[in-house]
Protein chains: 2
Amino acid sequence: MRTLDELERFEPFHSLSEEGRRLLVKGLVRKECSRGEVTLYKGQPVSGAYVVLAGRLRVFSLAPNGTEATLYFIEPGETCVLALNCLFNDLLYPAWVQAEIGSTIALIPGAVYRKLFERETTIQNLTVHTLSTLVFRLMSELELVHSSHHRQRLANFILMQSASDGVLRMTQQQLAQHLGTTREVVARLLSEFSANGLVRTQRGAVAIKDLFGLRRVVAPEGDGSKE
Amino acid sequence: MRTLDELERFEPFHSLSEEGRRLLVKGLVRKECSRGEVTLYKGQPVSGAYVVLAGRLRVFSLAPNGTEATLYFIEPGETCVLALNCLFNDLLYPAWVQAEIGSTIALIPGAVYRKLFERETTIQNLTVHTLSTLVFRLMSELELVHSSHHRQRLANFILMQSASDGVLRMTQQQLAQHLGTTREVVARLLSEFSANGLVRTQRGAVAIKDLFGLRRVVAPEGDGSKE
DNA sequence: GGGGCTATGTATCTTTTGCTACGGAATCCT
DNA sequence: AGGATTCCGTAGCAAAAGATACATAGCCCC
């Protein structure tokens, strides 16, 4: 079964017991998502654990007024913890998930995952670790949102998400969605950055020109952190 | 040992195996915190799992500019998940914890907790459940922050946190800290609410006068949620 | 009952956002 | 090439939020 092979390329599923493996084979479902497809809706009951095999998923919240805000991304090898979360607490899924690019997902049905969790140490660790990581991401995000203006958050986002060549390939519209604001604000800030020689904007991308300058925008002079 | 007795009043620790119990007895530490005392600092290495026996802890983030923002509270019987989190990932504690009122805490050393986690199903479930709950709280909080103005968040906070008599006993300064803003903004909004007959303000407290009116502030007319 | 302290009610000014609108540039498709 | 589409830059206005300042009211304690 191909899906299982792909799944086993990732650490935790590599070292399952024979029994666990058999359990897994039975229930595994493969799912293909095309670019832009919405995979999970808010309020949808969750049927299992999602492991991304290829592509990239974006988890975002959607406010009544239509503003989106990206909570985080799920890269290949990672599992959608929110789904896990719901699984263990019988909750409805609390956000939206969209495939950023064409993606392949392995779906492990809830019952199977629970059994695996009971028996396999590696799955226990995976679960706790994944949840913890999410908690951490959310905490930092929350702290960022509380403590900084869009200017700082944008600078930070560019720094964190740009590719190794210092270019962030996203439209301003997308940037705005990630920050939970509007395109105009992003454009205004970017042109300000640009005027200060921090970045260069192109169609569909932003290139970092002054790394340390951008850093200074994120954390102005020395960052006290101590009262 | 008194601390153990108190700890066992709470569900998950009630149904430990004999072996687990013995393990627990050995390492358990009791900690008393007086009102306002800061229990955990950001960046502090975490030595174990914290279970609140009595009182109430407040977990908050502190921005470089001095703005606080409450992330959530920990009530008796709950454990500080962030600490758990750090425990399993060897991370530094990512926020501050302060005792809101005099509080008693049971500290289970990291090594002991890890062993318990390996062996006791109830502890596994507790851990996952606690983490999940936290994820959920953080998600909702994040969504709130993104989607609403201080006016709505304040109204919501009053509704959620007020006692059963409809009175929220907090100073405006504290309210401001919880929302991550300043006292003046809170005062301005409260006086607006007050002018509209939604609440009555007293020294150190806010009383709800018009429940449904306040609700309407939180979610203006019917809340679409569907595009 | 009065001093000292803390909390509240306002007022003003500035900065930041959100919203609407429009013109021009880059890209895609046929 | 040429037309449609998508994306970017900019401007201007209104609402919201932050900062500073000061007067007043309630509370505790002596």
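Keep in mind that the numbers below use all heavy atoms, side chains included, and drop hydrogens, waters and symmetry copies. Lettering follows sequence order; numbering is per chain, from 1.
- Distance B/Leu189 CG to D/dA16 P: 10 Å, rounded to the nearest Å.
- Atom CZ of A/Arg169 is separated from atom P of C/dT27 by 14 Å (rounded to the nearest Å).
- Annotation: the span from B/Gln152 atom CD to B/Leu189 atom CG amounts to 10.5 Å, rounded to 0.5 Å.
- Electrostatic pairing of B/Glu37 and B/Lys31 does not count as a salt bridge here, judged by no charged N lying under 4.0 Å from a carboxylate O.
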Tabulate below the donor-acceptor pairs under 3.5 Å that side-chain atoms of residues 162-174 of chain A make, not counting sequence neighbours, or state none.
| residue | atom | partner | partner atom | Å |
| --- | --- | --- | --- | --- |
| A/Ser162 | OG | A/Ile158 | O | 3.2 |
| A/Asp165 | OD1 | A/Val167 | N | 3.1 |
| A/Asp165 | OD1 | A/Arg169 | NH2 | 3.3 |
| A/Asp165 | OD2 | A/Arg169 | NH2 | 2.7 |
| A/Thr171 | OG1 | A/Gln173 | N | 3.4 |
| A/Thr171 | OG1 | A/Gln174 | N | 3.1 |
| A/Gln174 | OE1 | A/Thr171 | N | 3.0 |

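- At its two ends the helix from C/dG1-D/dC30 to C/dT30-D/dA1 runs along axes set 40° apart, each axis drawn from five pairs and the angle rounded to 10°.
- Rounded to a whole Å, the CD atom of B/Gln173 is 19 Å from the P atom of D/dC27.
- Distance CD (A/Gln152) to C1' (D/dG18): 13 Å, rounded to an integer number of Å.
- Judged as a salt bridge (Lys or Arg N to Asp or Glu O under 4.0 Å), the pairs with a partner in residues 190-213 of chain B (not counting sequence neighbours) are, in order, B/Arg151-B/Glu192.
- B/Glu32 meets the salt bridge (Lys or Arg N to Asp or Glu O under 4.0 Å) test with B/Arg30; sequence neighbours excluded.
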With a cut-off of 3.5 Å and sequence neighbours excluded, list every side-chain donor-acceptor pair involving residues 175-188 of chain A.
| residue | atom | partner | partner atom | Å |
| --- | --- | --- | --- | --- |
| A/His178 | ND1 | A/Thr70 | OG1 | 2.3 |

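- If you measure from atom CG of B/Leu190 to atom P of D/dA16, you get 16 Å, rounded to the nearest angstrom.
- Residues meeting the side chain to side chain donor-acceptor pair (under 3.5 Å) test with A/Arg137, sequence neighbours left out: A/Glu78.
- Residues passing the side chain to side chain donor-acceptor pair (under 3.5 Å) test with A/Thr127, sequence neighbours excluded: A/Tyr113.
- With rounding to whole Å, B/Gln172 atom CD is found 16 Å from D/dA17 atom P.
- The base of D/dG18 is not paired with the side chain of B/Arg183 by any donor and acceptor separated by under 3.5 Å.
- Against DNA chain D, the stretch residues 196-204 of chain A makes heavy-atom approaches under 4.0 Å through A/Thr201, A/Gln202, A/Arg203, A/Gly204.
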Any protein N or O atoms within reach of nucleotides 11-16 of chain C? Criterion: under 3.5 Å, listing atom names and distances.
| residue | atom | partner | partner atom | Å |
| --- | --- | --- | --- | --- |
| C/dT16 | O3' | A/His149 | ND1 | 3.3 |

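- For the side chain to side chain donor-acceptor pair (under 3.5 Å) test, residues two or more places apart in sequence or in another chain that qualify with A/Glu8 are A/Arg21.
- Residue A/Gln174 places none of its side-chain N or O atoms closer than 4.0 Å to OP1 or OP2 of D/dC7.
- B/His149 pairs by the side chain to side chain donor-acceptor pair (under 3.5 Å) definition with nothing, not counting sequence neighbours.
- Atom CG in A/Leu154 sits roughly 15 Å away from atom C1' in D/dC8 (whole-Å rounding).
- For residues 40-57 of chain A, the pairs satisfying salt bridge (Lys or Arg N to Asp or Glu O under 4.0 Å) are A/Lys42-B/Glu143, A/Arg56-A/Glu75, A/Arg56-A/Glu100, with sequence neighbours left out.
- Going from atom CD of A/Glu192 over to atom C1' of D/dC8 covers 17 Å, rounded to whole Å.
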